[in-house]
A.B. asks: 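Pasting a structure below so you can have a look.
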Amino acid sequence: MALTAYDLSGRTAFVTGAAGGIGRACAVLLAEAGAAVHCADRDADGLDGTAALVEERGGTARVHVLDVTDRDRLGEAVRSCERLDVLAAIAGIMHSSPVLETRDEDLDRVLNVNFKGVLYACQEAARLMLAQGTRGSIVTMASGAVDTGGAGLLCYGAAKAAVVQLTKTLATEVGPHGIRVNAVAPGWIRTPMTERHDRAAQAHTEAAMTRLTPLGRVGEPDDVAHAVLYLASDASAFTTGQILRPNGGVAMPW
Ligand SMILES: NC(=O)c1ccc[n+]([C@@H]2O[C@H](COP(=O)([O-])OP(=O)(O)OC[C@H]3O[C@@H](n4cnc5c(N)ncnc54)[C@H](O)[C@@H]3O)[C@@H](O)[C@H]2O)c1
């Protein structure tokens, strides 16, 4: 297949969580592939940094400072796109607590950001794509946590499992209109999220993840961004309702 299948020239992408880590890498790569990118996040300074990177590479970026749990504000931002071809719903937070110590407020906070924040973005984007009557691609952010479980990952994993269900359900509902919906479920990726642990704990986890991962390293944000570009572009034109796992082989579910 010609590489033009990855070309996003003339298309518009909306990326949440675009101020740093994986979301920033996605915004920059989608822009490099030719898309005009709308970058949304609650971190205004981080968004400016992403927009500068996009522009340095010759792309165009518009920033939206918002919280993805604010449905109205998010809807307004999505609808401000003149047209929308791609949504990458990447924003998320980490939370870890043993099941027996998990409080309602932990569960609510993580479900609100990691599930409802993705749901609201998907609803707004799909409505806009349906109204346009054009093809579209929606990429959601799950996690390897849905494959591996893991101590402390009740809230985080439950939200990501809900994202997987959302992805499959929406893919079924909007597929007949030419809108594709897929998830990425990365393994351990070196980002501000994973670097927030103290240095010793992080080095220990990275060493353990490296040992457990057949490809012998932890991931980088670009490893995920390339998977997102594939799903966003015509290269994946016959792929919907799927989970793509840029995880170095650490989990190999059917
Ligand atoms: N890093 C990993 O190992 C890994 C693995 C699997 C999945 N993920 C997922 O990838 C996504 C990105 O993670 P990352 O590692 O780049 O983390 P990160 O913390 O580096 O980036 C997350 C971004 O989301 C933004 N954000 C968080 N809550 C928000 C809210 N309520 N409204 C708007 N913006 C908000 C943050 O400001 C930040 O810019 C998350 O959904 C995460 O769960 C990460």
Side-chain angles (χ1 to χ4, degrees), residues 14-29 38-51 53 63-75 77-78 87-96 108-122 139-150 152-153 155-164 166-167 183-197 201-202 205-206 208-210 212-213 217-225 227-228 243-248 250-251:
F14 192 97
V15 182
T16 73
I22 295 168
R24 169 177 283 179
C26 289
V28 171
L29 190 65
H38 286 248
C39 302
D41 203 292
R42 61 184 178 189
D43 170 1
D45 291 343
L47 280 177
D48 287 344
T50 302
L53 282 172
V63 303
H64 305 271
V65 183
L66 54 80
D67 193 305
V68 292
T69 63
D70 182 343
R71 184 200 277 275
D72 292 342
R73 176 73 193 95
L74 182 59
V78 171
L87 166 70
I90 310 293
I93 53 173
M94 175 43 91
H95 171 81
S96 177
D108 290 347
R109 187 170 53 90
V110 179
L111 284 173
N112 279 340
V113 178
N114 290 7
F115 173 55
K116 286 191 183 173
V118 176
L119 171 65
Y120 298 158
C122 287
V139 185
T140 62
M141 177 52 78
S143 162
V146 301
D147 299 320
T148 56
L153 291 180
C155 300
Y156 184 78
K160 297 300 188 182
V163 166
V164 169
L166 161 67
T167 303
V184 282
W188 182 271
I189 309 295
R190 192 179 287 135
T191 67
M193 177 182 277
T194 48
E195 284 172 352
R196 241 162 253 140
H197 298 287
Q202 193 208 334
T205 311
E206 283 207 1
M209 293 311 299
T210 301
L212 288 170
T213 302
R217 65 174 176 87
V218 297
E220 299 293 338
D222 274 347
D223 291 316
V224 183
V228 170
I243 308 172
L244 184 54
R245 296 177 165 86
N247 66 6
V250 74

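When a ligand or atom number is given, it counts from 1 through the structure's own listing order.
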A.B. asks: Indicate, as side chain, backbone, both or neither, the part of V224 found under 4.0 angstrom from ligand 1 when only non-hydrogen atoms are considered.
C.D. replies: neither
A.B. asks: Please confirm whether D67 comes within less than 3.5 Å of ligand 1 when only nitrogen or oxygen atoms on both sides are compared.
C.D. replies: yes
A.B. asks: Determine, using heavy atoms of L66 and all atoms of ligand 1, whether some pair is separated by less than 4.0 Å.
C.D. replies: yes
A.B. asks: Applying a 4.0 Å heavy-atom criterion (strictly less than), which segment of T194 is in contact with ligand 1: side chain, backbone, both, or neither?
C.D. replies: side chain
A.B. asks: If the condition is side chain to side chain contact (heavy atoms under 4.5 Å, CB included), which residues does V113 pass it with, not counting sequence neighbours?
C.D. replies: V68, T69, I93
A.B. asks: What is the distance from atom CG of L212 to atom CG of N247, rounded to the nearest 0.5 Å?
C.D. replies: 11.5 Å
A.B. asks: Distance from D67 atom CG to D43 atom CG, nearest 0.5 Å?
C.D. replies: 12.0 Å
A.B. asks: With sequence neighbours excluded, tell me which residues meet side chain to side chain donor-acceptor pair (under 3.5 Å) with H95.
C.D. replies: S97, R109
A.B. asks: Counting only heavy atoms, tell me which of T191, T140, V184 gets closest to atom 14 (P) of ligand 1.
C.D. replies: T191
A.B. asks: Nearest non-hydrogen contact with atom 37 (O) of ligand 1 belongs to which option: D41, I22, D43?
C.D. replies: D41
A.B. asks: Taking the side chain as every heavy atom from C-beta outward, state whether I189 and T194 have any atom pair closer than 4.5 Å.
C.D. replies: no
A.B. asks: Should T205 and W188 count as side-chain neighbours, where that means a heavy-atom distance under 4.5 Å?
C.D. replies: yes
A.B. asks: Is V68 touching ligand 1 with its side chain, its backbone, both, or neither, if touching means heavy atoms under 4.0 Å apart?
C.D. replies: both
A.B. asks: Examine ligand 1 and decide if any of its atoms is less than 4.0 Å from a heavy atom belonging to G20.
C.D. replies: yes
A.B. asks: Does ligand 1 have any atom that is closer than 4.0 Å to a heavy atom of A185?
C.D. replies: no
A.B. asks: Check each heavy atom of M94 against ligand 1 and say whether those closer than 4.0 Å belong to the side chain, the backbone, both or neither.
C.D. replies: neither
A.B. asks: Determine, considering heavy atoms only, which of S143, P192, G92 sits nearest to atom 22 (C) of ligand 1.
C.D. replies: G92
A.B. asks: Please state which part of I189 comes within less than 4.0 Å of ligand 1, counting heavy atoms only: side chain, backbone, both or neither.
C.D. replies: both
A.B. asks: Any non-hydrogen atom of P186 lying under 4.0 Å from ligand 1?
C.D. replies: yes
